[in-house]
Participant: 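Take a look at this one; I'll ask things after.
The residues of the chain are indexed from 1 along the displayed sequence. On a predicted model such as this, the values are computed, not experimentally measured, just so you know. Counting starts at 1 for both ligands and their atoms, following the listed order.
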Amino acid sequence: MHGVNLDQLGRRDPTHYGGVTLEELEHGISETARELGLEVRFFQTNHEGAFVEHLHRLEGLADAIVLNPGAWTHYSYAIRDALELTHLPAVEVHLSDVDAREAWRRHSVITDLCVSRISGKGPGGYRDALERLREEIAE
Ligand code: DQA
């Protein structure tokens, strides 16, 4: 699940986000998932309520969640509450190294609900997330 402004990848500061578009990122994630024997579905929105409602629908439909909520990560208790409701293992991913940027990006309201937090690895972070969740599901 990609949150706010992630549809603008390719136009965002390449020093933090590299040059890949969301379409290219999802293509790479699909390839990795295929390699790992996982099935992935994608969702992106710039509307917080739509992100929340997608989380509401996930229980029973998905085994796990990889989410990059973008800036919502840092303050959306609504997304936090909805994530908690899913009762699914989740990994928080950030393309950029959020701990090495502005102070407000260091705080996440979802980290303690997630089995792992991956930051600053670019698109490769999604591979780590899928591998981690594959282990989690297998247990
Ligand atoms: C981000 C980091 C957030 O701080 C930022 O607001 C984003 C993207 C990342 O992938 O590095 O939109 O989640």
Participant: Evaluate the side-chain proximity of E23 to H27: yes if any heavy-atom separation is below 4.5 Å, no if none is.
Facilitator: no

Participant: Using a heavy-atom cut-off of under 4.0 Å, does the side chain or the backbone of V93 touch ligand 1, or both, or neither?
Facilitator: neither

Participant: In terms of residue, atom name and distance, what is the protein heavy atom nearest to atom 2 (C) of ligand 1?
Facilitator: V98 CG1, 3.6 Å

Participant: For N68, counting its heavy atoms only, list the atoms of ligand 1 lying under 4.0 Å from any of them.
Facilitator: 1 (C), 9 (C), 10 (O), 13 (O)

Participant: Determine, step by step, whether H2 and F43 satisfy the side-chain contact (heavy atoms from CB on, under 4.5 Å) criterion, reporting the C-alpha distance in whole Å, the side-chain angles of both residues, the deciding distance to 0.1 Å, and the verdict.
Facilitator: CA-CA 6 Å; H2 312 286; F43 181 78; over 6 Å; no

Participant: Determine, using heavy atoms of R12 and all atoms of ligand 1, whether some pair is separated by less than 4.0 Å.
Facilitator: yes

Participant: Mind checking whether N5 has a heavy atom under 4.0 Å from ligand 1?
Facilitator: no

Participant: Would one find an N or O of H94, backbone or side chain, under 3.5 Å from an N or O of ligand 1?
Facilitator: yes

Participant: Identify the closest protein heavy atom to atom 11 (O) of ligand 1: which residue and atom is it, and at what distance?
Facilitator: S96 OG, 2.6 Å

Participant: Do me a favour and list the nearest non-hydrogen protein atom to atom 5 (C) of ligand 1 with residue, atom name and distance?
Facilitator: R105 NH1, 3.2 Å

Participant: Drop me the distance from H54's NE2 to M1's CE, to the nearest 0.5 angstrom.
Facilitator: 5.0 Å

Participant: For N5 and N46, which I'm curious about, is there any donor-acceptor pair between the side chains at under 3.5 Å?
Facilitator: no

Participant: Less than 4.0 angstrom from a charged side-chain N to a carboxylate O is my criterion; do D112 and R80 meet it?
Facilitator: yes

Participant: Do you know which two heavy atoms are closest between P89 and D63, and how far apart they sit?
Facilitator: CD-O, 3.4 Å

Participant: Which bit of H74 is near ligand 1, meaning a heavy atom under 4.0 Å away: side chain, backbone, both or neither?
Facilitator: side chain

Participant: Would you say W72 touches ligand 1, if touching means a heavy atom closer than 4.0 Å?
Facilitator: no

Participant: With heavy atoms only and a cut-off of under 4.0 Å, state how L95 meets ligand 1: side chain, backbone, both or neither.
Facilitator: both

Participant: Once you round to the nearest 0.5 Å, how far does CG of L88 lie from CD of E136?
Facilitator: 11.0 Å

Participant: Can S96 and R101 be counted as having a side-chain donor-acceptor contact under 3.5 angstrom?
Facilitator: yes

